[in-house]
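In the text below, chain A, chain B and the rest are named by the order of the sequence lines, each starting its count at 1.
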Protein chains: 2
Amino acid sequence: MRRNRSRNRRIAPGTSHRRLLLTIMQEAEKHLDAKELYRRASDKDASISLATVYRTLQLFKEQGVINEMHLGQARCYYEMKRSGEHQHLVCESCGQVIDFESPLVGKLVAEVQRKNDFCATNVELYLLGYCSKCKEGKSKPERPK
Amino acid sequence: MRRNRSRNRRIAPGTSHRRLLLTIMQEAEKHLDAKELYRRASDKDASISLATVYRTLQLFKEQGVINEMHLGQARCYYEMKRSGEHQHLVCESCGQVIDFESPLVGKLVAEVQRKNDFCATNVELYLLGYCSKCKEGKSKPERPK
DNA sequence: ATAGGTGCAAATGGTTTGCGAAAAC
DNA sequence: GTTTTCGCAAACCATTTGCACCTAT
């Protein structure tokens, strides 16, 4: 699976730091942000720095090993690219992130590419709202509008 | 259309600054980021400050007058909420943003809500890739992966 | 020895905020 | 006269970068 052996930079896990970061990403039960990844990495190797985490995340992204997602606001989240493409539901109340997948996504992308003569390299799709628990308990937390 | 007359804050265009910002948003041919909105507002009223632009954008957002979008990275873009829901295609090469709409989006949202017992208040969907012009000219700019 | 990787601290850049002054009602 | 808004400058925060040192080859 590893490509571009010829490029200037080393293959993904070229150093112990990268290997560590890759392992953590692979074992992560969910997507992580840079800080959380840094936190987990620090537990195993206190010498690692946040800058390295960012640089490595950048590298993994370029290599297509991970996906970067902007679920809402400022910070980005990352997860390993796995077989099944999926999207996310973000609960605005409890913050929970739920995965989902639907064949409609593929259809939609295909249709859009065809109609607009566009070549998509990346799909960013998520729904903000309230999960089953939160939409009941709360009597409309804060005017979801 | 204006709701929540009872809330503490005034209805959207309560001051000349807000009125100005609202007008600019309405007349904008495309989505703007805070800086661009500030630029345009400054042309008409040099006394306005960036902070006011941000605070007003925040207000409009809460009131449901505008949509906030994160098309890719750091900064956010805003546009008036209009009748036709639509999504965006972002060309990674020329930066152009193309609107598109498809009934599949509605179907998808409906399906996801039903299957996950989720209540969506907001859909964020955009495709990154290459527009018709760019995907031809360039022989794959930088490994779109 | 040499290119690439890393830590550290400083720099960036978009967005937010505290505060006292000004405007709205 | 209160309440809300505003300008200003400082604060925030995620991310990026310059630079000198380190490390694997």
| query | Taking only side-chain nitrogens and oxygens of B:R18, does any of them come within less than 4.0 Å of OP1 or OP2 of D:dC6? | reply | yes

| said: With a 4.0 Å cutoff (strictly under), does any side-chain N or O of A:Y54 reach OP1 or OP2 of D:dT15? | reply: yes

| query | Whole Å only: how far is the CG atom of B:L22 from the P atom of D:dT5? | reply | 15 Å

| remark: To the nearest angstrom, the NZ-P distance between B:K35 and C:dT12 comes to 13 Å

| message | How many whole angstroms separate atom CD of A:E62 from atom C1' of D:dT16? | response | 13 Å

| Could you give the CG-to-C1' distance, from B:L50 to C:dG13, as a whole number of Å? | 11 Å

| Looking at side-chain heavy atoms only, is the closest gap between A:C134 and A:Q96 below 4.5 Å? | no

| request: Starting at atom CG of B:D45, determine the distance to atom P of D:dT5, rounded to an integer number of angstrom. | output: 17 Å

| Nucleotide C:dT6, atom P - distance to CZ of A:R19 in whole Å | 11 Å

| Which pair of heavy atoms, one from B:Y130 and one from A:T121, lies closest together, and at what distance? | CE1-CG2, 3.8 Å

| task | Answer whether the closest heavy-atom distance between the side chains of B:N122 and B:E68 falls below 4.5 Å. | result | no

| task | Please figure out whether B:R75 or B:A51 has its closest DNA chain C nucleotide nearer the 5' end. | result | B:R75

| message | In whole Å, I'd like the distance from the CG atom of A:L71 to the C1' atom of D:dA14. | response | 15 Å

| query | Under 4.0 Å: is that the gap between some side-chain N or O of A:H17 and OP1 or OP2 of C:dG5? | reply | no

| Can you find a donor-acceptor N/O pair under 3.5 angstrom joining the side chain of B:R55 to the base of D:dG7? | yes

| How about A:V65 and A:M80: do any of their side-chain heavy atoms sit closer than 4.5 Å? | yes

| Going by atom types alone, do B:Y77 and B:R75 pair a side-chain donor with an acceptor below 3.5 Å? | yes

| task | Measure from CD on B:E36 to P on C:dG14 and round the result to the nearest Å. | result | 13 Å

| request: Would you mind telling me which of D:dT15, D:dC6, D:dG7 lies closest to the side-chain atoms of A:A34? | output: D:dT15

